[in-house]
Amino acid sequence: MASLLKASSNVFRSEKLPFLSRSKTRQGVVPKKVTFRSVPVALSLSTSTGTVEHDPISNSPDIAIPIMVNGCTGKMGKSVIQAADSAGLHVVPVSFDAEKNSGQTVELCGKKILVHGPSDRERILASVFQEHPNLIVVDYTVPAAVNDNAELYGKVGVPFVMGTTGGDRDQLYKTVEESKVYAVISPQMGKQVVAFLAAMEIMAEQFLGAFSGYSLQVMESHQAGKLDTSGTAKAIISCFQKLGVSFDMDQIQMIRDPKKQVDMVGVPEEHLSGHAFHLYHLTSPDQTVSFEFQHNVCGRSIYAEGTVDAVLFLTKKVKLKADKRIYNMIDVLREGNMR
């Protein structure tokens, strides 16, 4: 698998950003724009994703894994289909989406995928599952559909990868536990970003209160179509809270305005329709010390690649009849390279 991770350094202008203007930091200056250089970095993670390439895996027993991608009319769904096809998985020509998209045919990677609306989904899914007993469903729909979709997958008994954010997450896990289906559930499918999050969780567990008294400012910028607050940002903030930082989730500064994304955040114009830029800025009580954590993603291939790995991982767990049923992307990472 071609490497998706590019080392970069952020060249900062010593100006305070309007979206972090509440800070009165003297020395903890916040960057205005981000540019990239291929040099080693310590705390900044950045990746620009484009064409996905794979090493030949003709001898892999997982090539023929059938997957059903729900939400295939969206950009994320289409990216997953392209990555899955490139990896040799079999994309079944059926998908669920909103009623307004029912009856559409999505043509991608030489396949014609028929889109069905909410009606009669149980019968259709059961039929597809009967035809493809090794089926894995991939869900990239919308937050409002998360819980209903999970109930459907559980009722039919089909394993699934939930990449859609939002919904009632507690109810989501309860549904999966009660149905006993296998699932990978993660609001973040980019493996490198997940690795960064895992490192933050380890630090939070081992150094409780290390940043007590520090103030935190958080900015997250995504394409205008992303309606909810980043689940990754919330997870990172939870780690900072364990480290002693007082911060309410409603203080997250969500940026969805394309002009602000270009002028203030430094998002390349060609990636306005698909990006994830996160900035976490910590300042000491006396404002003499500051820390900054940043990860920037352009495009969707990093998530599509991670989703394919999650499918391969889940297929393995189903075949082994593993006792554990619910997994996340950290579990996938710990399993090692799936291809």
Query raised in the report: For the side chain of Glu292 and the backbone of Leu279, is there at least one donor-acceptor N/O pair under 3.5 Å apart?
Result: no

Query raised in the report: So, does Ser127 use its side chain to make a donor-acceptor pair with the main chain of Arg123 at under 3.5 Å?
Result: no

Query raised in the report: For Phe160, what residues pass the ring-ring contact (aromatic ring centres under 6.0 Å, His included) criterion, not counting sequence neighbours?
Result: Tyr153

Report task. Could you tell me whether the side chain of Ser95 and the main chain of Val69 form a donor-acceptor pair under 3.5 Å? Result -> yes

Report summary line: Looking only at heavy atoms, the pair that brings Asp97 and Gly71 closest together is OD2-CA, 3.5 Å

**Report entry** By side-chain contact (heavy atoms from CB on, under 4.5 Å) - contacts of Lys324 (at least two apart)
**Finding:** Tyr327, Asp331

Query - salt_bridge(Glu220, Lys226) N-O dist < 4.0 Å - result: no

Query raised in the report: Near Glu99 CD, under 6.0 Å, is it more than 12 heavy atoms from other residues, nucleotides or ligands?
Result: yes

Report task. Indicate the atoms forming the closest heavy-atom contact of Pro118 with Ala98, along with that distance. Result -> CD-C, 4.3 Å

Query raised in the report: If you round to the nearest 0.5 Å, how far is CZ of Arg121 from CG of Asn70?
Result: 8.0 Å

Query raised in the report: Taking a hydrophobic cluster as the set of Ile, Leu, Val, Met, Phe, Trp and Tyr residues connected by side-chain heavy atoms closer than 4.5 Å, whether directly or through intermediates, do Val332 and Val176 fall within one such cluster?
Result: no

**Report entry** Main-chain N/O of Gly167 paired with Asn147 side-chain donor or acceptor, under 3.5 Å
**Finding:** no

Requested in this report: For this output row, return yes or no: ring centroids of Phe240 and Phe291 closer than 6.0 angstrom.
Outcome: no

Report task. Indicate yes or no for a side-chain donor-acceptor contact from Asp286 to the backbone of Thr288 under 3.5 Å, with no hydrogens or angles considered. Result -> yes

Report task. Using the ring-ring contact (aromatic ring centres under 6.0 Å, His included) rule, collect all pairs that involve residues 119-141, keeping only residues at least two apart or in two chains. Result -> His90-His132

Query raised in the report: Do side-chain atoms of Gln261 reach the backbone of Ile255 as a donor and acceptor pair under 3.5 angstrom?
Result: yes

Query raised in the report: Counting only N and O atoms by type, is there a donor-acceptor contact under 3.5 Å from the side chain of Thr307 to the main-chain atoms of Tyr303?
Result: yes

Report task. Assign the ring pair Phe211 / Tyr214 to parallel, tilted or perpendicular, where the plane angle (0 to 90°) is split at 30° and 60°. Result -> perpendicular

Report task. Could you tell me which non-hydrogen atom of Ala195 sits nearest to which non-hydrogen atom of Leu333, and how far apart they are? Result -> N-CD1, 3.7 Å

Query raised in the report: Shortest non-hydrogen contact from Met189 to Gly163?
Result: CE-CA, 3.9 Å

Requested in this report: Please report the closest heavy-atom contact between Cys72 and Ile81, naming both atoms and the distance.
Outcome: CB-CD1, 3.7 Å

Query raised in the report: Which heavy atom of Arg256 sits nearest a heavy atom of Ala224, and at what distance?
Result: O-CB, 3.7 Å

Query - Asp139 and Thr164: side chain donor to acceptor below 3.5 Å - result: yes

